[in-house]
Amino acid sequence: MESLYVKKKRPSDAILSGLIYFSGILTTALLAGIIIYIAVNGIGSIDPTFLTTIKSVAKGTFGILGYMVNTLYIIVITLLIATPVGIGAAVYLTEYAKRGRLVSFIEFATETLSGIPSIIFGLFGMAFFGQTCHMGFSVLCGSLTLTLMILPIIIRTTQESLKTVPESYRLGALGMGAEKWRIIRTIVIPSSLQGIVTAVILAVGRIVGESAALLFTAGSSYLLPKSAAGIFPHIMESGGTLTIGLYLEMSEGNKANAFGIALVLIVLVLAINALTKLVTGRIAKKQGKQN
Amino acid sequence: MSVVFFVCGGGAIAAVLAITVYMIACGFPALTKIGVLDMLFGTVWAPTAAEPKFGILYIILTSIVGTMLAIVIGVPIAVLTAVFLSETAPKPMTRIVKPAVELLAGIPSVVYGLLGILIVKPVIYHIEAAIYAGDATHQMTGGANLISAVLVLAIMILPTVVNVSETSLRAVPQHLRNSSYALGATRVGTVFKVTLPAARSGIISAVVLGVGRAIGEAMAITMVAGNSVNLPLPFNSVRFLTTGIVSEMSYSSGLHREALFTIGLVLFAFIMVINIVLNTTLKKAGEE
């Protein structure tokens, strides 16, 4: 007769528990493997020429400066358009709108927009901004396409942070006779500023990693603006980002260049992730103090 | 001011409507010109031939089969990782695994494509060469085939499924677990008989989101799928809806380009169905 006090061990439990640990460790090992593999293979390509020049067929050298500048262009222009619109939408949803059909419709639209794959954004951008609006392959065309893509990220993240602003702040300001717009401008938005910053950083991360939506909209040119006067006209020129550069080098079989760009991208992703952590960490600390 | 904010809020609706209208307007003409049945159920894709053929049945099947296989491989690993994070992992390990999952989500898809070419493809090629050695009927793909693409997709959907599953597991009330322990169930038994069933609808949403990610992924699998239009068998070189668009858009024109937009429309239809399913399952999860 087995004693009641001896714990019965089931072999199935051990196997399942082993599988759970295996999965957790596998996921981590995948990331570690990816980062190490790219670092080892990419570090050899990184040198001053690689980082500070553009591809030159005459000299036979390769550099990614053009791709980096284009990435920066697209980040700045996309954020300039998407941030105000996204914040505006979030303010409307949390501060103005009454719960009802319209709000659930807007939320459904935001949800849908975030589920649409980037290749569809690419097709739409090419057909609408590129052909109907005659922008062709240009930095602006790419930026407008990405604006639609990152809008959901900005709306949702901002909305979350607007919701955390205590109702008492609004009521206090209302009691002192401030009107709605003034309350939003001076109380609500400043109190949720760090949430908005998080939204912007998340959006930057998405833009840096994007490729399918840009291939047919922003094009693949690696050239720099021709002169100081060409800084603004460059918006209407074709401009490939780092990811597009990586795709092209990969299709041409230049592995070393592709790995170099991959390493730069991974470093950017790590930096953006660390920055997000830093900002959200500060928010958590602040909220901890308030409670 | 409220008008300005209202307009911003309407922006999302306008975007979805504009995309829907454009996808239909650009994708529908080819469908009527080629014939709905000839296109959707035709098996020959030869857009540049003297007598062009635009059958996309194999392309559609590849996307469906490829996505399903990626889900079959990726979801168990992802759900168990979520269980690991929310139920069984010691604190210090959570601190390593959680950021790792977040970073996996941030890695650009072209980087996954690069790794697919240089790591997955050669490995699969060795397996292919071993299986089909001396088989004259098999067209060697050099490792660029359905399996390679599925493996890359399975890794790419991990972060999405892990995150959503973990959130829903954490939302399971502690008293359910405690009751199970009080009845003498083990920790692992509780996970599989109590916690996971309680988080069911959240995990279903996670899987549906994963399906959306996998079916819409383009750049990563363009390089490893082989890109010939074939039946989706494991060692066949195949073409997905997304990769078909990426690989041919740059040199297409006329009816060929319109047909590519039709492929886009088919993909868009899939995505809309997934979105609607997601919306209803999420609502259900919220009600529970």
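Side chains included, hydrogens not; waters and symmetry mates left out as well; all remaining heavy atoms used. In what follows, chains are A, B, ... by sequence order, proteins preceding strands, each numbered from 1.
Only the side chain of A:L215 comes within less than 4.5 Å of a heavy atom in chain B; its backbone stays farther off. Of the two parts of B:L115, only the side chain, counted from C-beta on, holds a non-hydrogen atom closer than 4.5 Å to a non-hydrogen atom of chain A. Contact annotation for A:Q131: only side-chain heavy atoms (C-beta onward) come within less than 4.5 Å of a heavy atom of chain B. Only the side chain of A:L265 comes within less than 4.5 Å of a heavy atom of chain B; its backbone N, CA, C and O stay farther away. Proximity to chain B (any heavy atom under 4.5 Å) is shown, for A:I20, by both the backbone and the side chain. Contact of A:I261 with chain B is not made at all, since no heavy-atom distance falls under 4.5 Å. Both the backbone and the side chain of A:D13 come within less than 4.5 Å of a heavy atom in chain B. In this structure, chain A has no heavy atom under 4.5 Å from any part of B:A82. Only the side chain of A:L246 comes within contact range of chain B, with at least one heavy atom under 4.5 Å from a heavy atom of that chain. Looking at A:F216, the atoms closer than 4.5 Å to chain B (heavy atoms on both sides) all sit in the side chain, from C-beta outward. In this structure, chain B has a heavy atom under 4.5 Å from the backbone of A:S114, while its side chain stays farther away.
No side-chain heavy atom of A:E95 sits under 4.5 Å from any side-chain heavy atom of B:F5. Contact annotation: the side chain of A:Y92 approaches that of A:I106 to within less than 4.5 Å [non-hydrogen atoms, C-beta and beyond]. Inter-residue side-chain proximity for B:Y112 and B:L104 is flagged as met; some heavy-atom pair is nearer than 4.5 Å. For the pair B:S63/B:F240, a side-chain contact is recorded, criterion being any heavy-atom separation below 4.5 Å from C-beta on.
Comparing B:V97, B:L118, B:V4, B:L85 by how many heavy-atom pairs each has under 4.5 Å with chain A, the most go to B:L118. Top candidate by heavy-atom pairs under 4.5 Å with chain B, chosen from A:L123, A:V269, A:T243, is A:L123. With chain B as the partner, the residue from A:L102, A:T110, A:L148, A:T112 showing the most heavy-atom pairs under 4.5 Å is A:T112. For the set A:G125, A:G205, A:G115, A:G88, the entry with the most heavy-atom pairs within less than 4.5 Å of chain B is A:G88. The choice from B:I215, B:V16, B:V7 that makes the most heavy-atom pairs within less than 4.5 Å of chain A is B:V16. Interface summary for chain A: among B:I19, B:V111, B:T222, B:L278, the most heavy-atom pairs under 4.5 angstrom belong to B:I19. Most heavy-atom pairs under 4.5 Å with chain A: of the set B:V83, B:L103, B:L17, this distinction falls to B:L103. Of the listed residues (A:T28, A:I120, A:T276), the one with the most heavy-atom contacts under 4.5 Å to chain B is A:I120. With chain A as the partner, the residue from B:S109, B:A18, B:A15, B:G212 showing the most heavy-atom pairs under 4.5 Å is B:A18.
Between B:E87 and B:R187 no salt bridge is recorded (no basic side-chain N to carboxylate O distance below 4.0 Å). A salt bridge links B:K98 to B:E166: one of the charged nitrogens lies within less than 4.0 Å of a carboxylate oxygen. For the pair A:R156 and A:E107, the salt-bridge criterion is not met [side-chain N within less than 4.0 Å of a carboxylate O].
Within a 6.0 Å radius of NZ in B:K193, no more than 12 heavy atoms belonging to other residues, nucleotides or ligands are found.
At distances below 3.5 Å, at least one donor-acceptor pair connects side-chain atoms of B:T81 with backbone N or O atoms of A:S23. Within the 3.5 Å criterion, the main-chain N or O of A:A127 finds a donor-acceptor partner in the side chain of A:T132.
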task: Output, in order, the C-alpha distance, side-chain angles, deciding distance and verdict of side chain to side chain contact (heavy atoms under 4.5 Å, CB included) for A:Y21 and A:S17.
output: CA-CA 6 Å; A:Y21 271 81; A:S17 175; 4.2 Å; yes
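A:Y96 has its ring centre no less than 6.0 Å from the ring centre of B:F6.
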